[in-house]
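Only one structure is covered here, and it is reproduced in the block below.
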2 protein chains.
Amino acid sequence: MSPEVGDRRVRRSRRLLRDALVSLVLERGYADIKVEDITERADLGRATFYSHYTDKDDLLGQVVTDLQEELDRRLRPLLAADAQGFTGKPVLEMFRHADEERDAYRVVLRGEGDGRALRQLVEARTQAAAAVFSARAEHFGVTPRIDVEVLARAWVGEQISVLQWWLEADPRPLSPEAVTEMLLDLSLRGRYWANGFEGRPPVVGAEGGPERR
Amino acid sequence: MSPEVGDRRVRRSRRLLRDALVSLVLERGYADIKVEDITERADLGRATFYSHYTDKDDLLGQVVTDLQEELDRRLRPLLAADAQGFTGKPVLEMFRHADEERDAYRVVLRGEGDGRALRQLVEARTQAAAAVFSARAEHFGVTPRIDVEVLARAWVGEQISVLQWWLEADPRPLSPEAVTEMLLDLSLRGRYWANGFEGRPPVVGAEGGPERR
DNA sequence: CCAATGCTGGACAGCGTGTCTAGAAACAGT
DNA sequence: ACTGTTTCTAGACACGCTGTCCAGCATTGG
């Protein structure tokens, strides 16, 4: 299998510390955790913590960085293909990844660590989405009716917001495939359609609404 | 004007402490601020801080609570009306409020304080949105094609995400009216339309995309 | 004007942090 | 199985920030 590089003790200690941090954050919140709480749960000496990480922030940072890198690695090939159509595969992949790394994702999406990690995630996804939108416009020779920046922000906002809910819901309300399809349908066709109305949405700002049945 | 209840010194101290907190958080982040930093910027004694608030979290909490209450107060009448159509007025009002209270909103939307405040805001807006969607479905006799919970999460996610971007952008890229209209158009008609395509979106999951020009 | 209330600086104990030690334990390679 | 190397450990340390208290001064509203 994988080369499993490095001292086994080091791998063990790091893994225990990470798991301890994640579980404690989910229970009590990042701010209320002392380094000693982490080492206690990991069943390691406090000094060991400081031989691996400079402080609590460092540990959280590493957890988040690893997650991000893995996600990027998985997404990269899918994003290129998505620019030629509307496959929805990148969203699905993110939901799958989140499903596998549920707890770590929950820590990030709750905004623990004063939201740094979450902002970073949103920023990276927004960048990627904007790039896809631009490439798509180029590919199909169309001009976006709305600023691509706004488009990307909104699209990522939808995903993240639904992902948040999906990760915290117990039991898991939908399969990754099912949420992704909902999200994509809703996003592409719009809320007017999703709410159950027929035809074209009313002009924004106009008084009144659709015909009443 | 308003009754201006209470000792003038108290009002002054509280106002100074709140302003100091907000500006410091925007500069350095919530976690890196000591109580003494706050009192120093407010030009007050450290003991004064503790005669008004129990700790840093308490102060942040009050700032956030006040903001929430004001927003709720402003939104309440608009939400009822919105259930009868698609006025977009609640969104506009939130953007206006955020525009007035820019700094405080930025603190919340950045997820400072381990995201508690932001989660609270999102939760409240989601609740409200879900209620509006349900009332609307009732009013017009339609059945939502997608789970109302998901609908509400996604819609609020869009708003918050765009609001985040809009508050941090410098100079302000759009008027509150302009962003709101974009957001509403996009959300109602969907990304397929917003991206510049004509006609109906492709079936989700299908290979390929729209016709190429 | 004055009684009540708020503000002040300084002193205090308590707690968590991050560093450092010397010795015990576990490791990888032979 | 042996051995030189690395990691883990408990405990001690100084430091900085917290939250509380006080006695005296300043500002307030009536």
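Proteins come first, then strands; the chains are lettered A, B, ... in the order of their sequence lines, and each starts at number 1. The model shown is predicted, which means the values in this text are computed figures rather than measured ones.
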Inset, instruction - Using salt bridge (charged side-chain N to carboxylate O under 4.0 Å, His left out) as the criterion, list what pairs up with B/Arg15, not counting sequence neighbours. - result: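 B/Arg15: no salt bridge (charged side-chain N to carboxylate O under 4.0 Å, His left out) contacts found.
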
Inset, instruction - List in chain and number order the residues that pass side-chain contact (heavy atoms from CB on, under 4.5 Å) with B/Asp72, two or more places apart in sequence or in another chain; answer none if no residue qualifies. - result: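 Only B/Gln68, B/Arg76, B/Arg125 meet the side-chain contact (heavy atoms from CB on, under 4.5 Å) criterion with B/Asp72.
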
Inset, instruction - With DNA chain C as reference, determine whether B/Ala47 or B/Asp7 sits nearer its 5' end, using the nearest nucleotide of each. - result: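 Its nearest nucleotide lies further toward 5', so the answer is B/Asp7.
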
side-chain hydrogen bond (donor to acceptor under 3.5 Å, both in side chains) against [X], all qualifying residues, sequence neighbours excluded:
{"X": "A/Arg153", "result": "A/Glu123, A/Glu149"}
{"X": "B/Glu168", "result": "B/Arg106, B/Arg110"}
{"X": "B/Ser161", "result": "none"}
{"X": "B/Arg28", "result": "B/Asp37"}

Legend entry - Touch class at under 4.0 angstrom, heavy-atom based, for A/Arg8 against every strand present: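 Here A/Arg8 touches the backbone only, sparing every base.
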
Inset, instruction - Enumerate the residue pairs fulfilling ring-ring contact (aromatic ring centres under 6.0 Å, His included) with a member in residues 165-191 of chain A, sequence neighbours excluded, ordered by first and then second residue. - result: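 Listed by first then second residue: A/Phe95-A/Trp166.
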
Inset, instruction - Name the first nucleotide and the last nucleotide along DNA chain C (5' to 3') that come under 4.0 Å of a heavy atom in chain B. - result: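 Listed 5' to 3', the contact boundaries are C/dT5 to C/dA11.
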
Legend entry - Pi-cation contact, B/Tyr53 with B/Arg18 (under 6.0 Å, within 45°):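 Checked: cation-pi criterion not met.
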
Legend entry - Residue of the set A/Asp185, A/Leu186, A/Leu188 for which side chain to side chain contact (heavy atoms under 4.5 Å, CB included) holds with A/Trp193: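 Testing each of A/Asp185, A/Leu186, A/Leu188 against A/Trp193, the sole residue satisfying side chain to side chain contact (heavy atoms under 4.5 Å, CB included) is A/Asp185.
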
Inset, instruction - Ignoring hydrogens and angles, tell me if any N or O in the side chain of B/Asp7 forms a donor-acceptor pair with the backbone of B/Arg9 under 3.5 Å. - result: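 Pair found, side chain donor or acceptor close to backbone of B/Arg9.
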
Inset, instruction - Please work out which residues in residues 19-27 of chain A have a non-hydrogen atom less than 4.0 Å from an atom of DNA chain C and list them by number. - result: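 Correct list: empty, so none.
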
Inset, instruction - Apply the test side chain to side chain contact (heavy atoms under 4.5 Å, CB included) to residues A/Tyr50 and A/Val35: give CA-CA distance (whole Å), side-chain angles for both, the deciding distance (0.1 Å), then the verdict. - result: CA-CA 9 Å; A/Tyr50 289 104; A/Val35 171; 3.5 Å; yes

Legend entry - With A/Tyr30 via ring pair (Phe, Tyr, Trp, His ring centres under 6.0 Å) - residues at least two apart: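 Ring pair (Phe, Tyr, Trp, His ring centres under 6.0 Å) list for A/Tyr30, sorted by chain: empty.
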
Legend entry - Bounds of contact between DNA chain D and chain B, in 5' to 3' order, using a heavy-atom cut-off under 4.0 Å: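 Range of nucleotides touched by chain B: D/dC17 to D/dG29.
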
Inset, instruction - Taking only heavy atoms on the protein side, list every residue of residues 38-45 of chain B lying under 4.0 Å from any atom of DNA chain D, sorted numerically. - result: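 Within residues 38-45 of chain B, no residue comes under 4.0 Å of DNA chain D.
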
Legend entry - Chi angles and distances behind the side chain to side chain contact (heavy atoms under 4.5 Å, CB included) call for A/Glu27, A/Ile33: CA-CA 10 Å; A/Glu27 285 169 26; A/Ile33 291 170; over 6 Å; no

Legend entry - Residue met sooner reading DNA chain D from 5', once B/Phe49 and A/Ser51 are mapped to nucleotides: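 Nearest nucleotide further toward 5': that of A/Ser51.
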
